[in-house]
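In what follows, every chain begins at residue 1, and chains take the letters A, B, ... in the order their sequences are listed.
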2 protein chains.
Amino acid sequence: MSTPAHVGLLGGGVIGGGWAARFLVNGIDVTVFDPAPETAPRIQRMLDNARRAYGALTLAPLAEPGRLRVTDRVAEAVADADFVQESAPEREDVKRALLAEASRAARPEVVIASSTSGLLPTRLQADCAGPERVVVGHPFNPVYLMPLVEVVGGQHTDPATRDRAAAVYRAVGMHPLIVRREIDAFIADRLMEALWREALHLVDGDIATVDEIDQAVAYGPGLRWSFMGTFLTYRLAGGAAGMRHFLAQFGPALKLPWTHTTAPELTEALIDKIADQSDAQAGHRAIEDWERLRDDCLVAVLQGLRSQDTGAGRTLKDYEALLFDRGQARAVAGDLPPDRPLVLCRLRVRPDWVDYNDHMTESRYLQVFGDASDAFVRYAGFDDAYLKDRGSFFTVETHLRHLAEVSASRTIATATQVLGADTKRVHVFHTMTLDEPGAADHGRVLATAEHMLLHVAVETGRAGPWAEPLASRIAAAAAAHADLPTPEGAGRRISMG
Amino acid sequence: MSTPAHVGLLGGGVIGGGWAARFLVNGIDVTVFDPAPETAPRIQRMLDNARRAYGALTLAPLAEPGRLRVTDRVAEAVADADFVQESAPEREDVKRALLAEASRAARPEVVIASSTSGLLPTRLQADCAGPERVVVGHPFNPVYLMPLVEVVGGQHTDPATRDRAAAVYRAVGMHPLIVRREIDAFIADRLMEALWREALHLVDGDIATVDEIDQAVAYGPGLRWSFMGTFLTYRLAGGAAGMRHFLAQFGPALKLPWTHTTAPELTEALIDKIADQSDAQAGHRAIEDWERLRDDCLVAVLQGLRSQDTGAGRTLKDYEALLFDRGQARAVAGDLPPDRPLVLCRLRVRPDWVDYNDHMTESRYLQVFGDASDAFVRYAGFDDAYLKDRGSFFTVETHLRHLAEVSASRTIATATQVLGADTKRVHVFHTMTLDEPGAADHGRVLATAEHMLLHVAVETGRAGPWAEPLASRIAAAAAAHADLPTPEGAGRRISMG
C-alpha cells in the first residue's frame, strides 16, 4: 500500500492546505483537523489552484478529486487514516502535543509524519505511542507543486518508516530525499536559512532592497539551482579540471569577508571528500556533456519563463525583440532580393523538438512555418505599434506536406513565396529546406506549407483591410512574385485518389 | 552607441571565453588578450556551444558571428575596442595591474569593466588612467546564457559609466543589476557564498553528500529561485497576511541553530523596512495573482526540465507514467460506439500554449491533432511492440482550418472520422470542439484537420501494408464510418477565390 486511500491531516494552513490539495488532486480522501472556521473554503481554493496547475502540468489523465472533510477533533481526522501528516505552527510544544494525541487515535501501524521545517524528530516523537512510525516529511510551498520532501527519522524511528513515507510521497508525484542524519533544519532549510540571513544583513545595511536581492537570485544563480545544486554548478565552473581545480581557485575566497557565514577549514581531507563525492555524483559524464545538459536546461527554463513573461523570461523576450529589429534592419538594408522567394527564417532543430526516432515532430513543422508567416508580416512592417493601434492577423487555413525527415541540430531555412493578396488577405507558400552549405543534402526540401492569412483591424475586432505600411508592402511583394512559377504542391487537396 | 562594434577582452578562460562567445554570437568582433596557447580553440568550442544554445533559445534572426582574434599583447586587445571586459584570475594584484595597463592603451572614453566575483572596484580602479570609466560587471557562468550581470561602481566611477556598461550588457541580452553600494562579493555572490559555506559544513560534518545537498536545492528551493527570490517566496509563504506575518511566524527561527550564519537583530525598524520594501516590490498585485504566477512559472520550469529529463523534470515524467498507468486501469475497454466519430482526445489548453491574446497558438492545434491521429492508431492496436517489430506511420499531408479561438485552461476534445483507407494509408478527419458540458459555448467547433497517414514497415524502411491487428481494425473503422456524411470542409484546397 504505497498510495493511501485516506489521509489524516493535522492543520490546514498554507502547508496543511497544500498537502490537502496534493492528496485530493491525486484522488485520495482527506480529513483535516483544524478548528479555524475558514479552513474548508481555504482548502477548497487551494484545491482549485492545484487542479488548475495540474491541468497545465500534464496531459496525463487525473483521477477524480478525493473527498475533503474538516473536523475540529484530532481523533476524527486520524482514526480511519492510512497515513497522517501534521502541519501545525512551528512550535515544538504545539507539535509535540498534537503528535502525541494523534498517535493514540491512529491505527498502530499508520505512519505519522510532521511537516516541521527544522525541529528535531527525536524530540517531536518523544511523547508518541509507537514512536517508531513517527518521522519528519518536510515539504515546500506550494506543497501541491513542489517535488522535494525531506524525510528525516529520529532516534526512535524505524528505518522502514522512512521508506514507507517516501513511497507515499512518490505515489503523489514528489521527490523524497532521505536525510540520513538528524540535524536542526535538515538540509534545504539550512541552505535557505543561510541565504536568508545573509539577505537580511544586506537589507539591514542598506546595501540592497528586497527587490534587488530577489533579482540577484532569479536572474542569476536561481536559474542554475532549478536543475543543478551548488556543487555541480561549481564543478562545471572549474572547467575540464573539475572540482579540485575549482576548490584550488576559489578556496582562498572562503577566508574573504564575502558573507557573514564562516566556512569550515578547507583541509586536504575535506578537499578529498568533496572531490571524491563530486566524482561519484558527476564523474560518469564528461564535462562537455554536463555543459550541454546545463545549457539545454537553462534554455528550457528560460523558454518556460518567457511563456510567463516573468523574470529572466522577460529578459529573453526583450532580447528577441531587439534581434527581430536588427534582423529587419538587415533585411531592409537590401540583403533580400524582392523578386525571389524570401528567406526569412533560418534556425537549428532543437534537441527537444525530435521524437524517439530523432525526427522533428509534426507540430514543430507548423511552428516553424508559423514563424515564417510571422517573419513575412514583420518583413512587411508589422511591429508592436501596429499590433497595438492598427491590427493583427491570423491564419485561417493551412496545407502542409511532409516530404522528408530532419533530425536534431540540423539547420533549416524557409523561403516564402506570395501566391496572391487582396486588401485583407495574403496567400503565402513556404518551402522548408535543409540549409547547410557543404552538406551532401543541402537544399533538400523537407516540407511545404500554404497559409491563408487574414487581417483583423483593432478598431472593429473584425476582418478588414491592412493599414500602412503593410498594405503597400504586401502588394509590392505580391507584384514582385507574380511572375514566379507556381510552386509544385500549391493548391492541393487531400484525397486517396 | 550601446552595441559596441568591437570588444577587447582581457583573459579567455571559463569566464572570458564565455564573454567572447556572448559578444561573438551577437555579431560583435572580439579581440582577446590571453597568452595561453589553447585560448583560440577553447573559445571556438565555447562559441560552438553558444551558437548551439542560441539556435535552441530563439527563433529570432541571429547575426553572423563576429570575428575572433587572440593576442598576447594587452594593448592590441584594447586599442581599437569600444568596450573592454577583464576576466583574469580572482587575484587583486593581477587584476589591478592588468586594468592599469589596459587603461593606458584604450581610448580614454572607453568603458573598462572587470568580471570580478567580489573584489572592490575602488581598489581595482586605483592605478587606472581615467578611473571614472572603470566599473565592475560581474557575470555568471555560462556567461553566454546567464542573464544576470551585477554592475558596481567604485569611489571614482562616474555614475554614467554604470549606465553605459548596463546598456552594452542589455544589447547582448543580459539583465544588468546596478549594485548601488560597493561591498565585498556584491549581492549574488554573498548569497551564493553563504549557501556554499553552509553546504561545506554539511559535507564536513558528514550530514549529507554533495549529491544529496544538490538534490535538496534542485528539487526544492532552486525551482522557486529561478523566477522569484527569497523575499517574494517568503511573502507568499506568509499567505494573505504577507511579509509581516511571515516575519512574525519565522522571525523566532532566526535565533535557532538552523545555519552557521548569524542573523541581524530583527528589530521593529528592520521589520518595517522589509515589509515596506516587500510592499513596494509586490504590493501592486493581490496574493492570489502572485500565487497563480508562481504556480504557472513552476509548471513552466517543470515542463522545461521534463523535456531535458533532468532533476524535477524527471520526477514529473515518472509521475506522469504513474498517472497514465492509473488512467489506463480506470479506462473501460470498448465503450466507444464504432459507427460514430471517435472521441479519443480530451484535454485542457495549457497556459503556456497561448499567445499574448490568450489564444492557443497555431502550432498547438497541430500538436493536438497529431495526438488525435496517434490516439486513433493506438485505438487500432498500435503499441510499442508493433513499433519495434512491425512498423510505424507518418503524416504525409495535412489540411487545417482555424475556425474559432480558444483560451487557456478551457477543455477541448477531438472527434475522428475515417474518410478512407487502403492497405497502407488512412485518411482521417478530426474535429476539435470545446468540451465543457454546461458552458454556453459547449460544442463550438474550433478547428478541423485532415490527415493522410502512411504506414512504413520496419523491415524495409519503406511504405508498406499495415500488419495485424491494425490492418483489420483500420478497415473496420473505415467500414463503420463509410455511411457517415462527409464533414463540411473535407477535401478543400486553399485559394483566394
Side-chain angles (χ1 to χ4, degrees), chain A residues 53 55-56 60-61 140-141 145 147-148 173 175 185 187-188 191 193-195 197-198 204 209-211 214 216-217 219-220 222 225-227 229 231 258-259 261 263-264 277 281 295 298-300 304 307 311-312 315 319-320 323 327 348 350 352 362-363 366-367 370-371 398 400 420 493 496, chain B residues 53 55-56 59-61 140 145 147-148 173 175 185 187-188 191 193-195 197-198 204 209-211 214 216-217 219-220 222 225-227 229 231 237 258-259 261 263-264 277 281 295 298-300 304 307 311-312 315 319-320 323 327 348 350 352 362-363 366-367 370 398 400 420 493 496:
Chain A
F140 295 78
N141 186 44
L145 272 182
L148 185 66
H175 179 80
I187 302 173
L191 304 171
E193 187 77 13
L195 187 148
R197 291 186 187 182
E198 188 63 39
D204 192 40
T209 64
V210 304
D211 186 44
D214 279 358
V217 171
Y219 292 84
W225 282 333
S226 66
F227 53 88
F231 285 101
W258 280 17
T259 158
T261 312
Q277 290 185 357
Q281 175 188 31
D295 289 0
L298 273 174
V299 165
S307 76
T315 308
Y319 176 54
E320 289 185 305
L323 291 176
R348 289 176 82 177
R350 285 171 32 177
D352 61 317
E362 210 180 317
S363 66
L366 184 56
Q367 181 181 318
D371 288 333
T398 292
L400 288 178
R493 64 174 79 211
M496 295 295 300
Chain B
L59 295 175
F140 295 78
L145 271 181
L148 184 66
H175 179 80
I187 302 172
L191 304 172
E193 187 77 13
L195 187 147
R197 292 186 187 182
E198 187 63 39
D204 192 41
T209 64
V210 303
D211 185 45
D214 279 358
V217 171
Y219 292 84
W225 282 333
S226 66
F227 54 88
F231 286 100
W258 279 17
T259 159
T261 312
Q277 291 184 357
Q281 175 187 30
D295 289 1
L298 273 174
V299 166
S307 76
T315 309
Y319 176 54
E320 289 186 305
L323 291 177
R348 288 176 82 177
R350 287 169 30 177
D352 61 317
E362 211 179 316
S363 65
L366 184 58
Q367 181 181 319
T398 293
L400 288 178
R493 64 174 78 210
M496 296 293 301

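Between chain A and the options B:A312, B:P147, B:A237, B:G420, heavy-atom pairs under 4.5 Å are most frequent for B:P147. Between chain A and the residues B:A185, B:A194, B:A300, the most heavy-atom pairs under 4.5 angstrom are made by B:A194. Among A:A263, A:G370, A:A53, the residue with the largest count of heavy-atom pairs under 4.5 Å with chain B is A:A263. When B:W258, B:W225, B:F227 are compared by the number of non-hydrogen pairs under 4.5 Å with chain A, B:W258 comes out ahead.
For A:L298, the part lying under 4.5 angstrom from a heavy atom of chain B is the side chain only.
Inter-residue side-chain proximity for A:T398 and B:T398 is flagged as unmet; no heavy-atom pair is nearer than 4.5 Å.
The backbone N or O of B:V210 sits less than 3.5 Å from a side-chain atom of A:Q277, completing a donor-acceptor pair. Formation of a donor-acceptor pair under 3.5 Å by the A:D211 side chain with backbone atoms of B:Q281 is not found in this model. Using a distance-only test at 3.5 Å, with no hydrogens or angles considered, no donor-acceptor pair links the side chain of A:Q367 to the main chain of B:S363.
Between A:D204 and B:P264, the shortest heavy-atom contact is OD2-CB, 3.7 Å. Considering every non-hydrogen atom in both B:L191 and A:L195, the closest pair reads CD2-O, 3.6 Å.
Classification of the A:Y219-B:H175 ring pair by plane angle, with boundaries at 30° and 60°, yields parallel.
Rounding to the nearest 0.5 Å places CD of A:E198 at 12.0 Å from CD of B:E198. Here B:D295 contributes atom CG and A:L145 contributes atom CG; the two are 5.0 Å apart, rounded to the nearest 0.5 Å.
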